[in-house]
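Numbers restart at 1 for each chain; the letters A, B, ... are given by sequence-line order, proteins then strands.
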2 protein chains.
Amino acid sequence: MNTAAGSSVARRKAQWSTVEEIKQYILELRLHPGDPLPTETELCEALGVSRSSVREAMRTLSSLDIVEVRHGHGSFVGGLSMSPLVSGLIFRSVLDSEGDLRTLREVVDLRIALDLGTAEELVELHRGGPPRDDLRGLVERMRQHTARGEGFAEEDGAFHRELLAGLDNTIVRQLVSALWEVHTEVVPKLGLPPARDIDKTVEAHEAMLDALEAGDVEAYRTAVADHYQPLLTAIEAAVASNSATPAAPREARIS
Amino acid sequence: MNTAAGSSVARRKAQWSTVEEIKQYILELRLHPGDPLPTETELCEALGVSRSSVREAMRTLSSLDIVEVRHGHGSFVGGLSMSPLVSGLIFRSVLDSEGDLRTLREVVDLRIALDLGTAEELVELHRGGPPRDDLRGLVERMRQHTARGEGFAEEDGAFHRELLAGLDNTIVRQLVSALWEVHTEVVPKLGLPPARDIDKTVEAHEAMLDALEAGDVEAYRTAVADHYQPLLTAIEAAVASNSATPAAPREARIS
DNA sequence: CGACATTTGTGCGTATGTATT
DNA sequence: CAATACATACGCACAAATGTC
């Protein structure tokens, strides 16, 4: 036992253990996102493992956004965001992109389900409240962009984010934002054309807003369905044109 | 240039690059979950980086379930599941467990939203279809377990999984399963008591099933709300008893 | 601005446990 | 059982980023 390793028992599963130990450290000290963590060297001594193990554990935790590592500065408790979900869904979407775009369609369907599932609470929340001038303004800007033949991804994202701003549910809001992000990241990667009937989408946003302020749940649900329809048909169209020209797997750059 | 590092240009951002390169490799070869990947040594040569970098990249990808590493066997394309989301949500839930159990409540609210948001499609799907004898059997077993004073986590999980089995949306089904898993993993960690009024929960499952087979969307939505009510009140009760005895942060075991 | 300390990032050699053959 | 292939882990040295004086 001259160079490496401690007792063969202790070092077994040292890696899995290290991840859990660091998580325990955060939990037991009640650290919050942004709080500083010990340096890698200190963690090595505290946990009795080598720096390689600590580093791999920190890599795992940082990819889950449980810790955030800043080069030359230190490590901190991470934002506990949905970024791992976003990476995974984007990868899945691109992976079956040459097929039937199934994942992308499913992501859109999930967005629909979330908008429908929060409909009642959202309408109830706006009952008797002030009109949503912020959302009204976003719709107006969408209309202006459309008139100029431009897109309005910025306004669309803001609309769906602000729509749920009053929900008192961070996870739902983060999930909705994450799914929106997946969609907007994947579409350019696949070279999909932006939806054709843009006008309808703007109108659908307005209809959602009207129904919301009118307190009409059923109208809101209908507007949600109408809103996503152009997206779904665009995906279907892309699938049709894709299956016409099935791309053969390219050779990998590496190997 | 005797010991470490290649040219300072080539190794720039080697870390970020390595993860992306491996993802590209999978994408360009159109690999599917379970397909084998090159050994770490081969990846080192192919990407021109050291084993450390490849290992850390593989750690990142494996924690995102994009690759799966089997000890002493090799690396394979991962299942692209929701496991990163589960880890993250469990950690978040436990982290604010000594507070207001906010994350746990939000997870339950998200489950409600998903069940409500898929209500219409689910009812439509069952219209004219055969009765769900499988779900009926699960409810019956729940009732038997309750009569013996036992829990029925197994049957509950199966019920909510099988409920959406016909949905043709893998992501929604995986998300629902993932959230159920978060809930059942977190509750024991926090030592929360199982819901008190178990009978109502069994009845609510039955009511959901009845409404589904009757094709009554509105009754289904009501049953969903009733179903989650015991859970929500249990969480509220735990918050109340928690705030009575606010635990001070313990000293961390390490450091 | 430059010199310096601190901290993370990368490379490499090596030892060891484990699964396959 | 032995040989082989592979993943896991350790330790050190150097590179690069960041903050401070």
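Between A:His183 and A:His160, the ring center distance fails the sub-6.0 Å criterion.
Checking D:dT8, D:dA16, D:dA9 against the side-chain heavy atoms of A:Ser53 singles out D:dA9 as nearest. In this structure, the nucleotide among C:dC12, C:dT7, D:dA9 sitting nearest to the side chain of B:Arg55 is D:dA9. Side-chain atoms of B:Thr39 lie closest to D:dA7 of the nucleotides D:dA7, C:dT8, D:dG11. Which of D:dG11, C:dT20, C:dT8 sits closest to the side chain of A:Glu40 comes down to C:dT8. In this structure, the nucleotide among D:dT8, D:dC10, C:dG11 sitting nearest to the side chain of A:Ser50 is D:dC10.
Between B:Thr60 and B:Ser63, the closest heavy-atom pair is O-OG, 2.7 Å. Here the closest heavy-atom approach between residue A:Ile171 and residue B:Arg92 is recorded as CG1-NH2, 3.6 Å.
Residue order along DNA chain C, read from the 5' end via each residue's closest nucleotide, puts A:Gly72 first among B:Ser52 and A:Gly72. Along DNA chain C, the nucleotide nearest to B:Gly48 and the one nearest to A:Gly74 differ in position, and the one closer to the 5' end is contacted by A:Gly74.
Rounded to an integer number of Å, the gap from B:Glu56 CD to C:dC12 P is 15 Å. Per the geometry, NE2 belonging to B:His73 stands 19 Å off P belonging to D:dT4, to the nearest Å. Separating the CG atom of A:Leu37 from the P atom of C:dT7 is a distance of 13 Å, rounded to the nearest angstrom. Rounding to whole angstrom units, CD of residue B:Glu45 and P of C:dG11 are separated by 14 Å. The interatomic distance linking A:His71 (NE2) with C:dT6 (P) rounds to 16 Å, in whole Å. Atom P of nucleotide D:dT8 and atom CZ of B:Arg70 are separated by 12 Å, given to the nearest angstrom. Between the CG atom of B:Leu43 and the C1' atom of C:dT10 there is a distance of 17 Å, rounded to whole Å. Taking atom CZ on A:Arg59 and atom P on D:dA9, their separation rounds to 16 Å, with Å as the unit.
Nucleic acid contact for A:Ser75: sugar-phosphate only, since backbone atoms but no base atoms lie under 4.0 Å from a heavy atom of the residue.
A donor N or O paired with an acceptor N or O is found under 3.5 Å between the base of C:dG9 and the side-chain atoms of A:Arg51. For a distance-only test at 3.5 Å, the side chain of B:Thr41 fails to qualify as a donor-acceptor partner of the base of D:dC6.
In this structure, a donor-acceptor pair under 3.5 Å is absent between the side chains of B:Tyr228 and B:Asp109.
Under the 4.0 Å criterion applied to side-chain N and carboxylate O atoms, A:Arg105 and B:Asp168 are assigned as salt-bridge partners.
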